[in-house]
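Notes for the one structure printed next.
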Amino acid sequence: MSKIIGLIGMLAPLAALAVLIVYRRRAPFPAAIGMTGAILASLGTVAEFLSARVAWLGGEGMQGVLERLEGWGLARFGLVTGGLLLLLIAACLGHGRAVPRFPLALAGAIAATLGIAMRLVPLDLGDLDGATRFFATMALETAQFGMLGAGTLLVAIAVVSGRDDSPEPLNGVVRIARRAYAELQRQRTAQRPGRQDGARR
């Protein structure tokens with residue numbers, strides 16, 4: 001489950017950018033602002049990718065790793081939050097039907113607010129040892145950015161929703177998500193026999 005949440009947090013900003021590019025003709029000006037926000041949020045994904053590799057460089061042991069992870073996490077938080085604000089502005093601009101645009105934007109804002117609250121609410125992990133504190137920090141970071149990623153994607157869909165009479169972007173996104181989930185399940189099922197054979201040996 002944690003892997004799925006992590007993937008949502010990492011890939012959702014990129015998916016948001018793809019949605020805005022594909023459906024930009026429905027609302028060119030709001031989509032342009034939204035794409036700027038999605039690019040900012042995608043830079044947060046780059047920060048996450050780099051943090052997993054750079055955090056282990058240098059000395060100072062586990063404490064140093066945690067401090068570097070915290071710094072990269074703060075950078076990603078700023079980028080994703082800034083991108084979300086631009087996406088929310090874009091969702092409110094231009095003509096179109098209030099439904100489904102504003103319900104999607106509200107759902108995305110709620111998800112993002114939960115992610116932001118996880119960053120702002122203080123949590124004392126000082127009593128934990130180094131390894132336990134590391135895993136607790138990573139779990140919180142994963143949950144936080146999973147919520148922010150989901151919020152980013154929902155608001156991006158809202159930007160280009162309800163703009164005309166063509167099929168809504170949400171339908172296409174749900175269809176692609178189902179295919180991706182089915183493929184993921186197929187790959188897991190295909191890997192299980194190999195693992196079972198290895199365990200028997």
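Starting from 1, each residue takes its place in the sequence as its number.
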Query raised in the report: Under the side-chain contact (heavy atoms from CB on, under 4.5 Å) criterion, do Val173 and Ile157 qualify, and how do the steps go?
Result: CA-CA 9 Å; Val173 172; Ile157 296 171; 4.0 Å; yes
**Report entry** Straight-line distance of Ile39 CD1 to Leu14 CG, nearest 0.5 Å
**Finding:** 11.0 Å
Requested in this report: Might you work through the side-chain contact (heavy atoms from CB on, under 4.5 Å) test for Arg26 and Tyr23, ending with a clear yes or no?
Outcome: CA-CA 6 Å; Arg26 293 169 62 103; Tyr23 294 99; 3.7 Å; yes
Query - Leu79 with Leu154, same ILVMFWY side-chain cluster at under 4.5 Å - result: no
**Report entry** Exceeds 12 heavy-atom contacts within 6.0 angstrom, atom CZ of Arg25
**Finding:** no
Query raised in the report: Measuring from Gln185:CD to Arg188:CZ, what's the distance to the nearest 0.5 Å?
Result: 5.5 Å
Report summary line: Closest non-hydrogen atoms of Ala156 and Leu20, given as atom of the first, atom of the second and distance, are O-CD2, 3.5 Å
Report task. Heavy atoms only: give me the nearest Gly34-Leu87 pair and the separation to one decimal. Result -> O-CD2, 3.3 Å
**Report entry** Distance, nearest 0.5 Å, that separates CG of Leu17 from CG of Leu153
**Finding:** 11.5 Å
Requested in this report: Flag yes if Val155 and Leu85 sit in one hydrophobic cluster, no otherwise; membership is Ile, Leu, Val, Met, Phe, Trp, Tyr, and two members link when side-chain heavy atoms are under 4.5 Å apart.
Outcome: no
Query raised in the report: Given the rule in the salt bridge (charged side-chain N to carboxylate O under 4.0 Å, His left out) test, do Glu168 and Arg101 qualify, once you have shown the distances and angles that lead to the verdict?
Result: CA-CA 10 Å; Glu168 291 297 335; Arg101 184 164 33 129; over 6 Å; no
Query - Minimal non-hydrogen separation, Pro100 against Ser161, with atom names - result: CG-CB, 4.0 Å
Requested in this report: Report the distance from atom CD1 of Ile116 to atom CE of Met147, rounding to the nearest 0.5 Å.
Outcome: 11.0 Å
Report task. Begin with the C-alpha distance, continue with both residues' side-chain angles, and end with the deciding distance and a verdict on side-chain contact (heavy atoms from CB on, under 4.5 Å) for Phe77 and Leu148. Result -> CA-CA 9 Å; Phe77 176 77; Leu148 286 172; 4.0 Å; yes
Report summary line: Heavy-atom closest pair (Val160 atom, Pro169 atom, distance to 0.1 Å) is O-CG, 3.6 Å
Query raised in the report: Distance-only, no hydrogens or angles: does the Arg76 side chain make a donor-acceptor pair with backbone N or O of Phe145 under 3.5 Å?
Result: no
Query raised in the report: Is it the case that more than 12 heavy atoms not belonging to Asp165 sit under 6.0 Å from its CG atom?
Result: no
Requested in this report: Would you confirm whether Thr45, through its side chain, and Met10, through its main-chain N or O, come within 3.5 Å as a donor-acceptor pair?
Outcome: yes
**Report entry** Shortest non-hydrogen contact from Ala41 toward Thr152
**Finding:** CB-CG2, 4.1 Å
Query raised in the report: Between Phe29 and Leu88, is there a shared hydrophobic cluster once you connect ILVMFWY residues whose side-chain heavy atoms come closer than 4.5 Å?
Result: no
Query - Any donor-acceptor N/O pair, Arg163 side chain to His95 backbone, under 3.5 Å - result: yes
**Report entry** Nearest-0.5 Å distance, CE of residue Met118 to CD of residue Gln144
**Finding:** 6.5 Å
Report task. Kindly give the heavy-atom pair with the smallest separation between Ala12 and Ala150, and that separation in Å. Result -> CB-N, 4.3 Å
Report summary line: One should read off an interatomic distance between Leu40 CG and Thr36 OG1, to the nearest 0.5 angstrom, of 7.5 Å
Requested in this report: Treat each ILVMFWY residue as a node, draw an edge where side-chain heavy atoms are under 4.5 Å apart, and state whether Ile21 and Val159 are in one component.
Outcome: yes
